[in-house]
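Let me begin by presenting the structure, written as structure tokens, before commenting on it.
In the text below, chain A, chain B and the rest are named by the order of the sequence lines, each starting its count at 1. These values consider heavy atoms only, across backbone and side chains, with no hydrogens, waters or symmetry-generated copies.
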Amino acid sequence: MTVIGTAAVVACSCTLFGMVEGLRHAQKISGDPLDLIILRPGADTETTSGFDRIKADELATLDGIARDENGVLLFAKEQLSIPVVERSNGSRANIIVRGVSPASAKLRPKFTIVEGRDFEPSKGECIVSKTLAKRFNGANLGGILRCGDKESYRVVGLFTAGGSAAESEVWVDIKDLGRNNQQESSVNCVQLRAAGTEELVKLKTTIENDTRFKLAAKRESDYFAAQTRSSTFLQFFGGLIAVFLTFGAMFAAANTMYSAVSTRTREIGTMRALGFGRMDVLICFLGESIILCAMGGALGLLATLPLTALSFGTLNFDTFTETTVNFRLGPTVMIVAVAMTAAMGILGGLFPAIRAVRLQVISALREV
Amino acid sequence: MADGLAIELRAVTKQYKRDEFTVPVLESLDLVVREGEFLALMGPSGSGKTTLLNLIAGLDYASSGEVIVHGQDLGRLSEGQITRWRANNVGFIFQLYNLIPVLTAFENVELPLLLTNLNRKRRRENVMTALRAVGLSEREDHYPRQLSGGQEQRVAIARAIVTDPYLLVADEPTGDLDRKSAEEILNLLEQLNSEFDKTIIMVTHDPIAAQKAHRLLHLDKGQLIGDVVQVPRLGAAS
């Protein structure tokens with residue numbers, strides 16, 4: 001019972017923490033230290049940002065922006081749309097459709113088209129995150145993704161982006177998106193990569209202070225670090241549930257061990273009569289509790305391993321869109337599992353072990 | 001055969017506290033047991049037989065008086081010291097065998113040796129010697145549930161003698177056995193006493209079992225009311 005109870009608790013908690021870890025990982029790897037995201041002043045997110053496309057074009061003329069190996073400027077104007085899309089189970093959710101520029105892919109770490117090809121502008125095509133493709137109707141390769149009542153795109157490629165935030169998005173050409181939404185004259189943001197640390201500082205100063213722009217230039221790493229409300233929410237409730245579950249399992253372990261002490265009273269008396277000391281008995285019962293809980297913990301972790309192949313959707317409280325997150329069984333989750341198992345084993349076994357230790361040899365031997 | 005004092009009790013009393021009442025169990029008891037004696041303790045329930053056995057075995061302390069076993073005044077030992085003393089000097093045989101059900105016969109017999117510094121090889125040798133002595137060397141891998149009551153008690157005796165203790169205490173060792181098995185166990189105890197010179201104190205209700213002992217003590221209401229030498233030991237000074 002203790003093994004099964006511990007396994008269930010560890011599995012539940014690891015699932016919760018694996019989700020949180022996946023979300024945090026997505027946000028953590030989304031930002032390159034030399035990347036800047038340009039937003040409207042006062043805007044916290046891309047979805048609430050917006051400024052003139054002409055101003056965005058002028059930003060591209062600034063010095064200090066990096067180029068790729070082909071000499072292409074690592075500068076991308078981007079526009080966002082948040083349509084309602086039907087999930088595979090028939091329910092609906094908001095997702096991010098991102099109108100991108102040619103450099104957008106290079107500004108995302110590990111962005112790769114894994115199936116199909118890249119979209120061609122002006123053909124109503126899109127590419128979809130591979131994890132998102134499984135979760136929404138028409139998002140599979142070759143399907144027609146219907147975004148709200150007016151927009152629809154043919155899916156010509158599936159991409160991965162190393163588990164970053166881009167894996168919750170659909171990408172289309174920025175002009176196609178602007179045309180479909182009658183917003184061809186504006187962008188939501190600009191993403192760019194500075195050529196170096198000094199250039200980054202200069203670019204940031206110019207963009208924020210030059211009267212031509214007066215925009216907010218944020219390091220991407222800072223920007224994504226601020227987008228942690230979703231994970232904080234999950235983490236808080238996940239932690240709370242994990243604590244309650246751990247307490248429950250501790251009582252289960254204690255109950256099992258109390259029962260063991262009760263049914264083995266005569267054995268304890270015999271051991272003590274044979275010359276085993278109180279400390280031997282304490283170690284024996286505490287050790288048994290820890291071993292039982294360790295077995296449960298290992299089982300619980302094993303049970304969560306298959307989840308690493310899964311992705312799940314959660315609401316991003318900043319954009320109110322669905323964020324697709326891959327379950328991650330990282331070091332944090334492992335440490336949490338070990339800590340919970342240790343707490344259950346030690347605290348659950350301690351009091352019954354103390355009870356065993358306090359038994360008088362003669363009365364213990366009289367137990368039938 | 002050794003002929004020194006194995007056990008000496010001087011004016012031993014034992015009382016238990018029950019709430020606000022003090023219940024006397026043994027009253028000013030004097031007793032001398034010589035080395036190599038096989039002693040049977042008889043008496044009605046509540047007469048103090050098991051309490052006396054527990055005091056001699058170092059499982060309990062006397063309320064007053066002295067309990068000296070193998071030259072050691074047990075009342076002067078702390079709980080930790082008396083625990084170690086028991087491990088080194090006393091072999092226990094219980095009415096219900098008290099084997100650990102999840103351990104094999106071999107492992108049960110090995111238990112007391114885990115408290116010694118013997119290595120695994122020496123422990124194995126000692127365990128097999130003890131199991132051979134009780135005629136169960138073929139059953140070393142059997143669990144208690146796979147043994148008859150008589151065989152279980154023989155394993156318990158092997159456990160009691162494996163450390164070669166100074167004193168064997170047996171509390172109703174045949175109380176849970178049929179007549180044939182009881183006879184085998186009593187013969188085994190007799191053999192341990194005669195061949196290995198073990199001092200044995202046995203509590204029993206069974207007059208047939210008591211006949212095997214050299215000396216029979218009768219207790220009633222915490223007092224010795226009879227002390228009969230049945231079969232004088234060779235070389236014993238009665």
Side-chain angles (χ1 to χ4, degrees), chain A residues 1-4 6 253-296 345 348-350 352-368, chain B residues 14 16-17 25 50-61 77-103 107-116 144 155-156 158-163 165 169-172 175-176 203:
Chain A
M1 275 302 289
T2 303
V3 174
I4 294 168
T6 311
N255 196 35
T256 305
M257 295 313 295
Y258 271 123
S259 163
V261 172
S262 164
T263 54
R264 285 193 236 152
T265 301
R266 194 149 58 90
E267 280 177 39
I268 295 166
T270 306
M271 300 282 284
R272 294 290 314 283
L274 293 179
F276 287 87
R278 289 183 191 273
M279 192 51 77
D280 298 313
V281 174
L282 182 88
I283 290 167
C284 179
F285 275 87
L286 206 53
E288 181 174 330
S289 171
I290 291 169
I291 288 169
L292 286 176
C293 288
M295 284 166 64
L350 186 63
I354 289 172
R355 187 179 171 211
V357 160
R358 293 174 63 144
L359 283 172
Q360 294 300 314
V361 183
I362 294 172
S363 29
L365 284 170
R366 282 201 198 109
E367 287 288 323
V368 180
Chain B
K14 180 66 185 175
Y16 288 112
K17 291 267 183 192
V25 182
T50 300
T51 301
L52 177 58
L53 193 75
N54 289 338
L55 294 181
I56 293 169
L59 289 173
D60 204 355
Y61 290 99
L77 298 179
S78 67
E79 193 192 290
Q81 288 171 326
I82 209 166
T83 302
R84 282 192 294 280
W85 179 87
R86 281 201 306 270
N88 294 328
N89 292 282
V90 187
F92 288 90
I93 301 162
F94 303 98
Q95 180 180 355
L96 297 174
Y97 334 127
N98 290 25
L99 299 178
I100 309 296
V102 293
L103 302 181
E107 291 162 342
N108 266 291
V109 177
E110 192 186 21
L111 263 181
L113 294 179
L114 298 177
L115 295 165
T116 67
V155 172
R159 181 179 66 187
I161 61 172
V162 73
T163 52
V169 294
D171 193 356
E172 301 268 12
D176 205 47
V203 165

When you look at A:Arg278 and B:Thr83, which way does the side chain to side chain contact (heavy atoms under 4.5 Å, CB included) test go after all the steps? CA-CA 9 Å; A:Arg278 289 183 191 273; B:Thr83 302; over 6 Å; no
State, with a plain yes or no, whether a side-chain heavy atom of B:Phe92 is found less than 4.5 Å away from one of A:Thr270. no
What's the shortest heavy-atom distance between A:Gly275 and B:Ala87, and which atoms? CA-CB, 3.8 Å
Return the CG to CG distance between B:Leu96 and A:Leu365, rounded to the nearest 0.5 Å. 10.5 Å
Could you walk me through whether B:Leu59 and A:Arg272 pass the side chain to side chain contact (heavy atoms under 4.5 Å, CB included) check? CA-CA 9 Å; B:Leu59 289 173; A:Arg272 294 290 314 283; over 6 Å; no
For B:Glu110, salt bridge (Lys or Arg N to Asp or Glu O under 4.0 Å) partners two or more places apart: B:Arg123
Could you grab the distance from atom CG of B:Leu114 to atom CG of A:Asp280, nearest 0.5 Å is fine? 10.0 Å
To the nearest 0.5 angstrom, please state how far the CD1 atom of B:Ile100 sits from the CZ atom of A:Arg264. 9.0 Å
Does any heavy atom of chain B fall under 4.5 Å from the side chain of A:Ile362, the backbone, both, or neither of them? side chain
Measure A:Met279 against the heavy atoms of chain B and call it side chain, backbone, both or neither at under 4.5 Å. neither
Heavy-atom proximity to chain A below 4.5 Å, by part of B:Asn98: both
Partners passing salt bridge (Lys or Arg N to Asp or Glu O under 4.0 Å) against B:Arg86 (at least two apart in sequence or in another chain): none
Relative to chain A, which of B:Thr163, B:Asp171, B:Leu115 shows the most heavy atom pairs under 4.5 Å? B:Leu115
By a 4.5 Å heavy-atom criterion (distance strictly below it), what part of B:Gln95 contacts chain A: side chain, backbone, both, or neither? neither
